[in-house]
Amino acid sequence: MKRYALRVVSLAAALGLWQALTSLNVDLWLRFSQFPTVTDVARTFAARVSGPDYWTDLTDSLTRILAGFLLAAVLGVATGVLVARSRLAEDLLGPVLEVIRPIPAIALVPVAILLFPSNEQGIVFITCTAAFFPVLVSTRHAVRALTPVWEEAVRTMGGGRWRILGSVVLPGALPGVFGGLSVGIGVSWICVISAEMISGQYGVGYRTWQDYTVVDYPGVFVGMVTIGVLGWLTSTAVELLGRRLTRWLPRTAYVPGARPPRHDRSVTPAPAAPAEVPGGARSEEARDEHLV
């Protein structure tokens, strides 16, 4: 409870500092006099929430994000596993992917406008492209980092390629996959907002840009706050899903700033000698225990 209270106090202090700097028109080096106050943003937010346009924009942005992100998750995981497991796929797809990967997704807006018949499909394409490469890279590294002993154990017990994929590769790479998904959902929000500003008709990004063009700065901050809250909620949902699906992983109780316990070596008992039979050989039970 103390940690949650501290987080609330931190957020309240940040809002209080914002209100003080903007209401006092502080202009030292940064021009806070140009910023709207917290109360102005709150009044604009209350007015927007009571109207239908805000919820329409919210629904459109979430629909684009979910469609593009789910498509990127499926394609990214499948391509990452394929490239990591097949040398032929790596030789055929690797060069093309590495050339396209450094290109910012927002730079593909002209390509999306020329390629797709509607702006909606183009925005989903940009969102998918933004999340695809983080998922691809993290999946590829996670699959390559798996120890070969697990695969050899499945082959020894008669398992085939699909058995290895379902029992070793996908479960073993799952923590790395969700790391890429967590990064990908954040990048998706950045790119979908930018795409809506350029070529969208509805959405949070489109409305934020329209508020800027008509010099409605409280409305701009309403859009910024909405984007931040939506990004935080979706990223938290991905992380919670990842924890849910990787419950089999060993967890450690991490306490920031805590010191590890000290062990007194002077009282550490010596390891007990294995049990022996009168003839000097180990008993069958002691040998089995040693093997385990």
J.: Under 4.0 Å between a Lys/Arg side-chain N and an Asp/Glu carboxylate O for D216 and R48?
T.: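 Between R48 and D216 there is a salt bridge, with a charged N closer than 4.0 Å to a carboxylate O.
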J.: When hydrophobic residues are tied together by side-chain contacts of less than 4.5 Å, even through go-betweens, does L17 share a cluster with L11?
T.: no
J.: Where the side chain of T213 meets the backbone of Q210, is there a donor-acceptor pair that is under 3.5 Å apart?
T.: yes
J.: Can you name the closest pair of heavy atoms from A142 and G176 and give their distance?
T.: CB-CA, 4.0 Å
J.: Which atoms form the tightest heavy-atom contact between P134 and A130, and what is the distance?
T.: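 In terms of heavy atoms, the two residues are closest at CD-O, 3.2 Å.
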J.: Indicate, with yes or no, if L75 and I123 share a hydrophobic cluster defined by side-chain heavy-atom contacts under 4.5 Å among Ile, Leu, Val, Met, Phe, Trp and Tyr.
T.: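 Result: no, two separate clusters.
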J.: Do V26 and L15 sit in one hydrophobic cluster, given that two such residues count as connected whenever their side-chain heavy atoms are within less than 4.5 Å of each other, even indirectly?
T.: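 Different hydrophobic clusters.
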J.: Distance from R155 atom CZ to R163 atom CZ, nearest 0.5 Å?
T.: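 Rounded to the nearest 0.5 Å, the CZ-CZ separation comes out at 13.5 Å.
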J.: For F221, enumerate each residue passing the ring pair (Phe, Tyr, Trp, His ring centres under 6.0 Å) test, keeping only those at least two apart in sequence or located in another chain.
T.: W18, F35
J.: When rounded to the nearest 0.5 angstrom, what is the spacing between OG1 in T129 and CD1 in I103?
T.: 10.0 Å
J.: Let's go through V135 and V183 carefully: what are the C-alpha distance in whole Å and the side-chain angles of both, what is the deciding distance for side chain to side chain contact (heavy atoms under 4.5 Å, CB included) to 0.1 Å, and is it a yes or a no?
T.: CA-CA 8 Å; V135 177; V183 175; over 6 Å; no
J.: Is there side-chain contact between T22 and Q34, with at least one heavy-atom pair below 4.5 Å?
T.: no
J.: Quick one: are L6 and M1 in side-chain contact, heavy atoms under 4.5 Å?
T.: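 They are not in contact (no side-chain heavy atoms under 4.5 Å apart), so the answer is no.
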J.: Under a 3.5 Å distance rule, please check whether D57 uses its side chain to pair with a backbone N or O of V204 as donor and acceptor.
T.: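 No, the answer is negative, given that no donor and acceptor are paired below the 3.5 Å cut-off.
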J.: Within the structure provided, determine whether L93 and L82 are in side-chain contact (heavy-atom separation under 4.5 Å).
T.: yes
J.: Distance from T234 atom OG1 to L181 atom CG, nearest 0.5 Å?
T.: 12.0 Å
J.: Would F69 and L66 count as a side chain to side chain contact (heavy atoms under 4.5 Å, CB included) if you check the C-alpha gap in whole Å, the side-chain angles of each, and the deciding distance to 0.1 Å?
T.: CA-CA 5 Å; F69 179 71; L66 292 178; 5.8 Å; no
J.: Within a strict 4.5 Å, meaning less than it, do heavy atoms of the E151 and V154 side chains meet?
T.: no
J.: Would you say S50's side chain and A47's backbone share a donor-acceptor pair under 3.5 angstrom?
T.: yes
J.: Can V77 be reached from V83 by stepping across I, L, V, M, F, W or Y side chains whose heavy atoms are under 4.5 Å apart?
T.: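 V83 does not cluster with V77.
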J.: Do you know the tightest heavy-atom contact between C128 and A72?
T.: O-CB, 3.3 Å
J.: Answer whether the closest heavy-atom distance between the side chains of L71 and T127 falls below 4.5 Å.
T.: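 Counting from C-beta outward, L71 and T127 never come under 4.5 Å.
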J.: Are side-chain N/O atoms of T63 and D60 paired as donor and acceptor at under 3.5 Å?
T.: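 Looking only at side-chain atoms, D60 and T63 do not form any donor-acceptor pair under 3.5 Å.
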J.: Taking all atoms of both residues into account, what is the closest heavy-atom pair of G223 and T208, and its distance?
T.: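 Answer, listing the atom of G223 first, then T208: CA-OG1, 3.4 Å.
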J.: Got I185 and S235 here, is their nearest side-chain heavy-atom distance under 4.5 Å?
T.: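 SC-SC contact between I185 and S235 confirmed.
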J.: Hey, mind stepping through I126 and Q121 against side chain to side chain contact (heavy atoms under 4.5 Å, CB included) and telling me if it holds?
T.: CA-CA 9 Å; I126 294 171; Q121 297 172 356; over 6 Å; no
J.: Please determine whether a side-chain nitrogen of the Lys or Arg among R244 and E239 lies less than 4.0 Å from a carboxylate oxygen of the Asp or Glu.
T.: no
J.: Any chance you could measure T246, atom OG1, to F178, atom CZ, to the nearest 0.5 Å?
T.: 7.5 Å
J.: Any idea which heavy atoms bring S33 and D27 closest together, and the distance?
T.: OG-OD2, 2.8 Å
J.: Going from CD1 on I106 to SG on C191, what distance comes out if it is rounded to the nearest 0.5 angstrom?
T.: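 Result: 6.0 Å between the selected atoms.
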J.: Is it the case that the side chains of T59 and Y202 hold a donor-acceptor pair, with the cut-off being a distance below 3.5 Å and no angle test?
T.: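 On atom types as modelled, these side chains do not qualify, holding no pair under 3.5 Å.
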J.: Taking only Lys NZ, Arg NE, NH1 and NH2, and the carboxylate oxygens of Asp or Glu, determine whether R144 and E90 approach each other closer than 4.0 Å.
T.: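 Salt bridge present between R144 and E90.
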J.: Taking the side chain as C-beta and beyond, is there a heavy-atom pair between L24 and F32 under 4.5 Å?
T.: no
J.: Mind jotting down which residue pairs meet the ring-ring contact (aromatic ring centres under 6.0 Å, His included) criterion with at least one end in residues 110-142? Sequence neighbours excluded, please.
T.: F116-F125
J.: Looking at the rings of W209 and Y206, which for Trp means the six-membered one, are their centres under 6.0 Å apart?
T.: no
J.: Which residue pairs pass the side-chain hydrogen bond (donor to acceptor under 3.5 Å, both in side chains) test when at least one of the two sits in residues 131-140, sequence neighbours left out?
T.: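 For residues 131-140, and leaving out neighbouring residues, the side-chain hydrogen bond (donor to acceptor under 3.5 Å, both in side chains) pairs sorted by first residue read E98-R140.
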J.: Please report the interatomic distance CG(L115) to CG(L108), rounded to the nearest 0.5 Å.
T.: 10.0 Å
J.: Tell me, with the steps shown, if T37 and D40 meet side chain to side chain donor-acceptor pair (under 3.5 Å).
T.: CA-CA 5 Å; T37 63; D40 294 336; 3.0 Å; yes
J.: Mind running side chain to side chain contact (heavy atoms under 4.5 Å, CB included) on Q19 and T39 for me, showing each step along the way?
T.: CA-CA 8 Å; Q19 177 69 24; T39 54; 4.0 Å; yes
J.: With a 4.5 Å limit on heavy-atom distance, are the side chains of V49 and W55 in contact?
T.: yes
J.: Same cluster for V38 and I227 if Ile/Leu/Val/Met/Phe/Trp/Tyr side chains link at under 4.5 Å?
T.: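 Yes, V38 and I227 fall within the same hydrophobic cluster.
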J.: Tell me the closest heavy-atom pair linking T226 and V222, and the distance in Å.
T.: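 Closest approach of T226 to V222, heavy atoms only: OG1-O, 2.7 Å.
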